[in-house]
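For clarity, every value in this text was computed on a predicted model and none was experimentally measured.
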Amino acid sequence: MTEEYTYFQFATGKGIEISQIESTFLHFSKAVFDEYRFFLVNDLSPYKPIPANLIDFDSIISKKLKEAVAEKDTDISFDFWLNSQITDRVSFILATSHRVALLSINRNFFVMDNTVFSFLGFCKIFYGFFCPLYGYGTTKPNDPPEFAKVDEGKIETLYTYNFLGPDMVSKYGTEKLHSIPAWQIEDLSDGGIFIAMELNPFENWEKHTPNYEKAIEILGVSRFQQGG
């Protein structure tokens, strides 16, 4: 098992405040537990993974968010462990002042296909609840969204995993996006589209490079990034 990490970034809309997300975050946390068995970690006391059906689950989230608001924090972080295992860990940081949600993902998720599917499921549930404008990964932590492009409904780089919100889909066109030679293209409930160029960016990635090259030609994008 490894302690290496890779990253996933979401560009959020304007005006998201920590004081306003309690209900959304609570329902999101319960959904990733019910669907994929991601346990939220109580980092207040005691430090341990907690199931979403625990009677105190709501109050643990509420307490942490209220403390952040009281201290006028603009960032909030939570950890989730798949099947309560620290070796399969996703750290979630919502930086409202920067309009970014950063996921730090333990590379152990990419050892087996089933845990890759679980991680992608986590991301899709996040997208469904928080409605970001754009999401991408895997990447480095110092690779923030280009908001000048995002707010225009455009992307600069094609990644292994790409969430394009409705404005981006409108800009590029559904037909064009579905013509990309990707491993998976999924229409999302809000009109967005999820594009996964390959299942696992850390296994046999070289054979997928021609598909990335064709995809950026279709989109008129200047570059792509494989791995993370």
Side-chain angles (χ1 to χ4, degrees), residues 4-13 90-95 98-111 113 115-128 130-169 171-174 176-188 190 192-228:
E4 293 183 72
Y5 288 82
T6 187
Y7 299 86
F8 205 108
Q9 309 243 17
F10 285 99
T12 64
V90 176
S91 295
F92 170 102
I93 302 172
L94 179 63
H98 297 288
R99 295 175 53 195
V100 170
L102 175 67
L103 304 184
S104 171
I105 314 118
N106 189 293
R107 285 275 295 270
N108 293 324
F109 276 99
F110 299 94
V111 173
D113 287 354
T115 49
V116 177
F117 281 118
S118 295
F119 166 67
L120 294 179
F122 182 100
C123 291
K124 290 175 185 179
I125 291 174
F126 173 86
Y127 179 93
F130 287 89
C131 304
L133 306 177
Y134 174 47
Y136 58 95
T138 56
T139 186
K140 306 294 184 186
N142 58 348
D143 187 15
E146 294 282 347
F147 278 102
K149 291 288 186 181
V150 172
D151 290 336
E152 292 177 3
K154 298 178 181 178
I155 64 174
E156 278 204 326
T157 305
L158 181 71
Y159 293 86
T160 300
Y161 309 122
N162 308 268
F163 284 88
L164 277 61
D167 288 347
M168 286 188 171
V169 173
K171 180 73 70 172
Y172 287 103
T174 301
K176 178 182 288 188
L177 293 171
H178 274 275
S179 72
I180 290 172
W183 167 73
Q184 183 184 73
I185 299 177
E186 179 180 340
D187 294 315
L188 304 170
D190 69 341
I193 284 180
F194 171 65
I195 300 171
M197 294 303 298
E198 53 190 303
L199 172 61
N200 191 330
F202 302 103
E203 296 288 338
N204 302 314
W205 57 268
E206 298 95 337
K207 68 180 183 181
H208 299 284
T209 300
N211 289 341
Y212 285 80
E213 293 170 342
K214 180 63 176 177
I216 64 171
E217 180 183 338
I218 291 170
L219 294 174
V221 175
S222 60
R223 60 181 182 262
F224 64 86
Q225 179 177 306
Q226 289 182 268

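The CD1 atom of Ile155 sits 13.0 Å away from atom NZ of Lys171, with the distance rounded to the nearest 0.5 Å. Rounding to the nearest 0.5 angstrom, the gap separating the CG atom in Asn211 from the CD1 atom in Ile216 is 12.0 Å. Summarising the geometry, atom NZ belonging to Lys154 is positioned 12.5 Å from atom CG belonging to Leu219; distances are rounded to the nearest 0.5 Å. Gln225 CD to Thr138 OG1: the interatomic distance, rounded to the nearest 0.5 Å, is 7.0 Å. Note that the NZ atom of Lys149 and the OH atom of Tyr134 stand 11.5 Å from one another [nearest 0.5 Å]. The OH atom of Tyr136 sits 9.5 Å away from the CZ atom of Phe8 when rounded to the nearest 0.5 Å.
Nearest heavy atoms, Asn200 versus Phe202: OD1-N, 2.9 Å. Of all the heavy atoms in Trp183 and Leu120, the pair that sits closest is CZ3-CD1, 4.4 Å. What you find for Asp190 and Pro166 is that their closest heavy atoms are O-CG, 3.1 Å. For Pro141 against Gln9, the heavy-atom pair with the smallest separation is O-NE2, 3.4 Å. When all heavy atoms of Val100 and Pro145 are compared, the closest pair comes out as CG2-CD, 3.7 Å. Scanning all heavy atoms of the two residues, the minimum distance from Ala182 to Ala196 falls at CB-O, 3.5 Å.
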Chi angles and distances behind the side-chain contact (heavy atoms from CB on, under 4.5 Å) call for Tyr172, Ile218: CA-CA 10 Å; Tyr172 287 103; Ile218 291 170; over 6 Å; no
Residue pair Met168, Val150: steps toward the side-chain contact (heavy atoms from CB on, under 4.5 Å) verdict: CA-CA 8 Å; Met168 286 188 171; Val150 172; 4.2 Å; yes
Full working for side-chain contact (heavy atoms from CB on, under 4.5 Å) between Leu133 and Phe147: CA-CA 10 Å; Leu133 306 177; Phe147 278 102; 5.6 Å; no
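The residue from Phe110, Phe122, Tyr5 that alone fulfils the side chain to side chain contact (heavy atoms under 4.5 Å, CB included) condition with Ile105 is Phe110.
Between the side chains of Thr6 and Arg107, no donor-acceptor pair of N or O atoms lies under 3.5 Å.
With sequence neighbours left out, the side chain to side chain contact (heavy atoms under 4.5 Å, CB included) criterion links Ala95 to Asp75, His98. Residues meeting the salt bridge (charged side-chain N to carboxylate O under 4.0 Å, His left out) test with Glu213, sequence neighbours left out: none. Looking at residues two or more places apart in sequence or on another chain, you find a side chain to side chain contact (heavy atoms under 4.5 Å, CB included) between Ile193 and Val169, Thr174, Leu177, His178, Ile185, Asp187, Ile195. Every residue two or more places apart in sequence or in another chain was checked for a side chain to side chain donor-acceptor pair (under 3.5 Å) with Glu146, and none qualifies. By the ring-ring contact (aromatic ring centres under 6.0 Å, His included) test, Tyr127 is found to be paired with Phe163, residues two or more places apart in sequence or in another chain being considered.
In this structure the side chain of Met197 never reaches within 4.5 angstrom of the side chain of Gln226, judged on heavy atoms.
Within the structure, the side chain to side chain donor-acceptor pair (under 3.5 Å) test picks out the following pairs touching residues 160-169 (sequence neighbours left out): Thr160-Tyr212.
Judged by distance alone, the side chain of Arg99 and the main-chain N or O of Ala11 form no donor-acceptor pair under 3.5 Å.
Taking the six-membered ring for Trp, Phe10 and Phe126 have ring centres closer than 6.0 Å.
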